[in-house]
**Student:** 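The structure that follows is given in the form of structure tokens.
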There are 2 protein chains.
Amino acid sequence: MKMSATIKDVAKLAGVSISTVSRVINDSKPVSSEVKKKVLDAIEELGYRPNEVARTLVTKKSFLIGVIVTDIGNSYVAQMVRGIEEVGKMYNYDILLCSSYGDKETELRFIQLLNRKQVEGIVLLSEIVNEEVKEQMNLLNIPFVYLNRYFYIEDFPTVSIDNHDAAYEMTNYLLKLGHENIAYVTTDEELEYSLEKLKIAGYRKAIEEYGKYSEVLCYTKGYNIEDGYEIGKDILNLKHTHNITAVFCSHDELAIGLMNYLYDNDIKVPEDISIAGYGDIKIASTYRPRLTSIKEPYYDIGAVAIRWIIKELKGEELEKNHIKLPFQILKRESCAKLEE
Amino acid sequence: MKMSATIKDVAKLAGVSISTVSRVINDSKPVSSEVKKKVLDAIEELGYRPNEVARTLVTKKSFLIGVIVTDIGNSYVAQMVRGIEEVGKMYNYDILLCSSYGDKETELRFIQLLNRKQVEGIVLLSEIVNEEVKEQMNLLNIPFVYLNRYFYIEDFPTVSIDNHDAAYEMTNYLLKLGHENIAYVTTDEELEYSLEKLKIAGYRKAIEEYGKYSEVLCYTKGYNIEDGYEIGKDILNLKHTHNITAVFCSHDELAIGLMNYLYDNDIKVPEDISIAGYGDIKIASTYRPRLTSIKEPYYDIGAVAIRWIIKELKGEELEKNHIKLPFQILKRESCAKLEE
DNA sequence: ATGAAAGCGCTAACAC
DNA sequence: GTGTTAGCGCTTTCAT
């Protein structure tokens, strides 16, 4: 098993010094065309490929961005990672992927790990609140973007949509469809730092402005499809006790779970009840009926996050530490006009 | 901005040589406990973290595995990557992720890139046939596993289920439900190296053994949900001309697309027609009605692939170059007993 | 048990 | 335009 060729081998074969070879491969200084040819030939003959590890050691540029995610199996996470990776590649950056599965300690461990691997920046895609992460990152002193779909982050760069406005607009849309008693499905968890605070405020504002009816909040145990399914019974009750005609779920996952429950219990969407989601995850437009939702541009969020890091790496000082991206109300069949 | 501490700084602060520090952090040679303490204290005080890049340069171990995927946005791909990453982490390996989006040249480029980054092994998760990849990989001389859900790979390590048997069993299951005219939906593409060859053979075998009816093949343009949707009209035709009562799709994506078409055209599944898929992607059990399918254990496929690489890295010579994992027929509501 | 020194493969002054 | 040399931060003989 022969070792792969090094710059020395190339230099020897071409009969030049290693610096000349370096100049040729990096195009860093002028090299006479005859010498250049000799070097190129030698490279070709030996199948030489520069060792990026050695290069990184001296240049301090690893062209690596660490990405810590909760679970790449979540479609919204995958979309963000796509954005991160694709834009990263445009600038020659590669992605080092770590999955924390939502564990606090694991997030911390991965930050250390990525640091040792000399990544130039980190995107943390979390679903929890982790104050220690902030301390750690401040020590590391490398560009860092903190993405979180459930909680807001202070003092650190973040990318998201305007959650208040999004919830407000969706509620108004449902109102416009003729629904007056609209339930909002949110989570049971404590609301400190929760984006639900903002979203509930947006929902509430629309309800209050409308003036005729009052809000109906419905609590789940979590944010997953199963949690949405479990809330099904409660929704059915609300339909009878409060004459709920539309349900606005704080996450598409909940909406899909709820629709599954309704399907399994022979309740028709949107004929019997309208359902709206939040996020526009992949399944929203695949499911039948298609789910009315708010498009959170996951791909773009990832793309913007990494572009931010790369800009910082280039020395550009960015002022704002929270970028807001536009959202969109996607009107699909799961919400229908209420016929009296 | 202070640079992070190096082994030299630690040595100086602890008043020992760098070799001693190295011994402490690697636990590679005995060090007297008093010296050890001094070193540990110095490390603590400086917040020293070993530079893995420098370490890699001398040890030749990067603890990096390159993973080239088509698109992490595909749920089956994400599941495989989960398996790869999770098992990798157990052995301290990290994942360098690259998305080729199905482009041949990009696959090749990434192999070179990963090589330069000194990855110790590569998992290629492809959806095309790319002979050049094999040549390239043979030159690289590092462990390599070639995963492909659509085509079979010769002369290279691969992990999959037994596609022939899986299709055979599913067809038998449908037959057992009372369906006699079962259409098989496959792709239009040339079948060289296609796994469809094996799957069609399995389907055919079951049909022939049953003896009473003959096969009905239905061709799509591709493997996606949209392709499944497009075939809807043809299926409806077959229902009338050939009295088709069940459709076995070569991929879950096609089945979901088809069910969407049927939903949009008020055909009930499974009342009017039974639908079976292949793969058990995430949406199969979320969609309503739930899709009867064949479980391809994507997570396990990824896990086995990387374990293979790691074993090879440890010097264990593996004999077989194709591992077959067990599959499972998942019986769900999209297929019903045919009542006469 | 500890230190000195070589060297991993490369870049970047610095000479000429 | 090209070669020489000094590191980058670490591990690993080889002495002591």
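Below, chain A is the first sequence line, B the second, and so on; all start at residue 1. Since the model is a prediction, treat every value here as computed from it, not as a measurement.
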**Student:** Who are the side-chain contact (heavy atoms from CB on, under 4.5 Å) partners of B:Lys12, not counting sequence neighbours?
**Tutor:** none
**Student:** Test: ring-ring contact (aromatic ring centres under 6.0 Å, His included). Region: residues 300-321 of chain A. Which pairs qualify, not counting sequence neighbours?
**Tutor:** none
**Student:** For DNA chain D, which residues in residues 56-63 of chain A have a heavy atom at a distance below 4.0 Å?
**Tutor:** A:Leu57, A:Val58, A:Lys60
**Student:** If I compare all heavy atoms of A:Ile142 with all of A:Val119, which pair ends up nearest, and what's the gap?
**Tutor:** CD1-O, 3.8 Å
**Student:** List the atom pairs, donor and acceptor, that lie under 3.5 Å between side-chain atoms in residues 28-38 of chain A and the rest of the protein, sequence neighbours left out.
**Tutor:**
from: A:Lys37; atom 1: NZ; to: A:Asp41; atom 2: OD1; distance (Å): 3.4
from: A:Lys37; atom 1: NZ; to: A:Asp41; atom 2: OD2; distance (Å): 2.7

**Student:** Round to the nearest Å and state the distance from B:Lys12 atom NZ to D:dG9 atom C1'.
**Tutor:** 14 Å
**Student:** Please collect all salt bridge (Lys or Arg N to Asp or Glu O under 4.0 Å) contacts where either partner lies in residues 62-76 of chain B, sequence neighbours excluded, each pair once.
**Tutor:** A:Arg82-B:Asp71
**Student:** Calculate the interatomic distance between A:Ile25 atom CD1 and C:dA12 atom C1'; express it in whole Å.
**Tutor:** 13 Å
**Student:** Please, which pairs that meet ring-ring contact (aromatic ring centres under 6.0 Å, His included) have at least one residue in residues 30-64 of chain A, sequence neighbours excluded?
**Tutor:** A:Phe63-A:Tyr93
**Student:** With sequence neighbours left out, what residues match B:Arg116 under side-chain contact (heavy atoms from CB on, under 4.5 Å)?
**Tutor:** A:Arg49, A:Pro50, A:Glu52, B:Leu113
**Student:** Mind grabbing the angle between the end helix axes of the helix from C:dA1-D:dT16 to C:dC16-D:dG1? Five pairs an end, 10° rounding.
**Tutor:** 40°
**Student:** Please give, in whole Å, the distance from C:dA13 P to A:Asn26 CG?
**Tutor:** 13 Å
**Student:** Going by ring-ring contact (aromatic ring centres under 6.0 Å, His included), name the pairs with one or both residues in residues 109-145 of chain A, residues two or more places apart or in two chains.
**Tutor:** A:Phe144-A:Tyr146, A:Phe144-A:Phe156
**Student:** Quickly work out the B:Ile43 CD1 to D:dC10 P distance and round it to whole Å.
**Tutor:** 10 Å
**Student:** Tell me the closest heavy-atom pair linking B:Val123 and B:Ile84, and the distance in Å.
**Tutor:** CG1-CD1, 3.8 Å
**Student:** Indicate every side-chain donor-acceptor pair of residues 124-132 of chain A with a distance under 3.5 Å to a residue at least two apart or in another chain.
**Tutor:**
from: A:Ser126; atom 1: OG; to: A:Glu107; atom 2: OE2; distance (Å): 2.7
from: A:Ser126; atom 1: OG; to: A:Ile128; atom 2: N; distance (Å): 3.2
from: A:Ser126; atom 1: OG; to: A:Ile128; atom 2: O; distance (Å): 3.4
from: A:Glu127; atom 1: OE2; to: A:Thr70; atom 2: OG1; distance (Å): 3.3
from: A:Glu127; atom 1: OE2; to: A:Tyr76; atom 2: OH; distance (Å): 2.6
from: A:Asn130; atom 1: OD1; to: A:Glu132; atom 2: N; distance (Å): 3.4
from: A:Asn130; atom 1: ND2; to: A:Lys104; atom 2: O; distance (Å): 3.4
from: A:Asn130; atom 1: ND2; to: A:Glu107; atom 2: OE1; distance (Å): 3.1

**Student:** Measure from NZ on A:Lys8 to P on D:dT4 and round the result to the nearest Å.
**Tutor:** 13 Å
**Student:** Who are the side-chain contact (heavy atoms from CB on, under 4.5 Å) partners of B:Leu13, not counting sequence neighbours?
**Tutor:** B:Ala42, B:Glu45, B:Leu46
**Student:** Just the rounded figure in Å: distance from P of C:dG9 to CG of A:Leu46.
**Tutor:** 14 Å
**Student:** Enumerate the protein-to-nucleotides 1-4 of chain C contacts in which both atoms are nitrogen or oxygen and the separation is below 3.5 Å.
**Tutor:**
from: C:dT2; atom 1: OP1; to: B:Ser32; atom 2: OG; distance (Å): 2.6
from: C:dT2; atom 1: OP2; to: B:Ser32; atom 2: N; distance (Å): 2.7
from: C:dT2; atom 1: OP2; to: B:Ser32; atom 2: OG; distance (Å): 3.4
from: C:dG3; atom 1: OP2; to: B:Ser17; atom 2: N; distance (Å): 2.9
from: C:dG3; atom 1: OP2; to: B:Ser17; atom 2: OG; distance (Å): 3.1
from: C:dG3; atom 1: OP2; to: B:Thr20; atom 2: OG1; distance (Å): 2.6
from: C:dG3; atom 1: N7; to: B:Arg23; atom 2: NH1; distance (Å): 3.0
from: C:dG3; atom 1: N7; to: B:Arg23; atom 2: NH2; distance (Å): 3.4
from: C:dG3; atom 1: O6; to: B:Arg23; atom 2: NH2; distance (Å): 2.3
from: C:dA4; atom 1: N7; to: B:Ser19; atom 2: OG; distance (Å): 3.4
from: C:dA4; atom 1: N6; to: B:Ser19; atom 2: OG; distance (Å): 3.0

**Student:** Just the rounded figure in Å: distance from P of D:dT5 to CD1 of A:Ile7.
**Tutor:** 16 Å
